[in-house]
Amino acid sequence: MELQDEIRIKAPRETVYAALNDPEILKEAIPGCEEITKTSDTDLEAKVALKVGPVKARFSGKVKLDPSQAPEKFSLTGEGSGGPAGFAKGGADVELEEDGEETILRYTAKADIGGKLAQLGSRLITGTAKKLAASFFTKFAAAVEEAEAEA
């Protein structure tokens, strides 16, 4: 499965990049996130509870960031296990383009799933993934814009 989208955020690129590395902002923005811990400059661990169709699962996962081209571009890879519900692994390439006082965030994400989740059908999984991504970026943009307004 592959997802692509872009969102405009009313904040400078450096602010957006910093927010993408802030566990507190990420915890608020990630749907179902119960806990997120930054274990190093490039590693995060998270616990997320999700419902996909009839399957409810609590995922534990790890994410690794590659900031070698930051703040213009960076990538991340991760994997998580939801016990009997299955697993998910994938990654995303993110581009942050300055546009005046705003930043255009573009992403391309790829994911593979297995277990009960994979049995639900690609339409349900893709639809849920798009909904979760939209929810994340809407909440993320709001948190960054609120922080920028307070600065």
Side-chain angles (χ1 to χ4, degrees), residues 1-9 11 13-97 103-147:
M1 163 182 41
E2 183 172 307
L3 300 174
Q4 292 181 322
D5 203 357
E6 71 177 50
I7 186 169
R8 181 175 291 273
I9 302 173
R13 178 170 57 197
E14 294 291 335
T15 302
V16 175
Y17 178 74
L20 285 167
N21 287 277
D22 183 329
E24 287 305 312
I25 290 177
L26 293 175
K27 182 179 178 188
E28 292 301 315
I30 296 170
C33 187
E34 297 175 338
E35 175 183 327
I36 191 162
T37 307
K38 193 169 188 175
T39 57
S40 76
D41 285 346
T42 59
D43 296 285
L44 298 167
E45 291 183 4
K47 288 191 168 116
V48 178
L50 292 175
K51 184 173 189 278
V52 182
V55 178
K56 288 183 184 178
R58 179 170 275 115
F59 287 86
S60 294
K62 295 182 180 189
V63 176
K64 184 161 201 62
L65 306 172
D66 176 5
S68 60
Q69 297 180 21
E72 296 85 13
K73 296 180 180 181
F74 68 96
S75 61
L76 56 96
T77 55
E79 58 184 67
S81 173
F87 69 88
K89 62 181 177 179
D93 294 316
V94 179
E95 180 182 342
L96 301 175
E97 179 185 326
T103 301
I104 301 169
L105 183 154
R106 290 186 189 92
Y107 70 90
T108 301
K110 293 181 183 176
D112 292 316
I113 57 168
K116 284 184 184 176
L117 290 173
Q119 297 170 2
L120 293 175
S122 63
R123 250 193 337 209
L124 177 60
I125 294 296
T126 301
T128 300
K130 286 180 180 178
K131 181 178 162 188
L132 292 172
S135 176
F136 169 79
F137 284 110
T138 299
K139 289 179 181 179
F140 176 78
V144 172
E145 290 171 3
E146 181 180 317

In Å, rounded to the nearest 0.5 Å, how long is the span from [atom1] of [X] to [atom2] of [Y]?
{"X": "Glu24", "Y": "Leu26", "atom1": "CD", "atom2": "CG", "answer": "9.5 Å"}
{"X": "Asp43", "Y": "Lys62", "atom1": "CG", "atom2": "NZ", "answer": "8.5 Å"}
{"X": "Ile36", "Y": "Lys27", "atom1": "CD1", "atom2": "NZ", "answer": "9.5 Å"}
{"X": "Gln69", "Y": "Ser75", "atom1": "CD", "atom2": "OG", "answer": "8.0 Å"}
{"X": "Arg106", "Y": "Ile7", "atom1": "CZ", "atom2": "CD1", "answer": "12.5 Å"}
{"X": "Glu95", "Y": "Tyr107", "atom1": "CD", "atom2": "OH", "answer": "14.0 Å"}

Give me the atom names and distance for the closest heavy-atom approach of [X] to [Y].
{"X": "Tyr17", "Y": "Pro67", "value": "OH-CB, 3.3 Å"}
{"X": "Pro84", "Y": "Lys116", "value": "O-CG, 3.6 Å"}
{"X": "Ile104", "Y": "Arg8", "value": "CD1-NH2, 3.5 Å"}
{"X": "Lys139", "Y": "Glu28", "value": "CD-O, 3.7 Å"}
{"X": "Gly82", "Y": "Ala57", "value": "O-CB, 4.1 Å"}

Taking the side chain as every heavy atom from C-beta outward, state whether [X] and [Y] have any pair of such atoms under 4.5 Å apart.
{"X": "Leu76", "Y": "Leu44", "answer": "no"}
{"X": "Phe137", "Y": "Asp5", "answer": "no"}
{"X": "Val48", "Y": "Pro31", "answer": "no"}
{"X": "Leu20", "Y": "Phe140", "answer": "yes"}
{"X": "Glu2", "Y": "Thr108", "answer": "yes"}
{"X": "Lys73", "Y": "Asp93", "answer": "no"}
{"X": "Leu117", "Y": "Phe87", "answer": "no"}

Between the side chain of [X] and the main-chain N/O of [Y], is any donor-acceptor distance below 3.5 Å?
{"X": "Lys38", "Y": "Asn21", "value": "yes"}
{"X": "Thr128", "Y": "Leu124", "value": "yes"}
{"X": "Thr103", "Y": "Ala11", "value": "yes"}
{"X": "Ser40", "Y": "Thr42", "value": "yes"}

**Report entry** SB check Glu79 Lys89 (cutoff 4.0 Å)
**Finding:** no
Requested in this report: Mark yes when over 12 heavy atoms from residues, nucleotides or ligands other than Glu6 sit less than 6.0 Å from its CD; otherwise mark no.
Outcome: yes
Report task. For the pair Ile113 and Leu120, evaluate side chain to side chain contact (heavy atoms under 4.5 Å, CB included) and give the outcome as yes or no after the intermediate values. Result -> CA-CA 11 Å; Ile113 57 168; Leu120 293 175; over 6 Å; no
Requested in this report: Test Glu72 against Arg13 for side chain to side chain contact (heavy atoms under 4.5 Å, CB included), laying out the working first.
Outcome: CA-CA 8 Å; Glu72 296 85 13; Arg13 178 170 57 197; 3.3 Å; yes
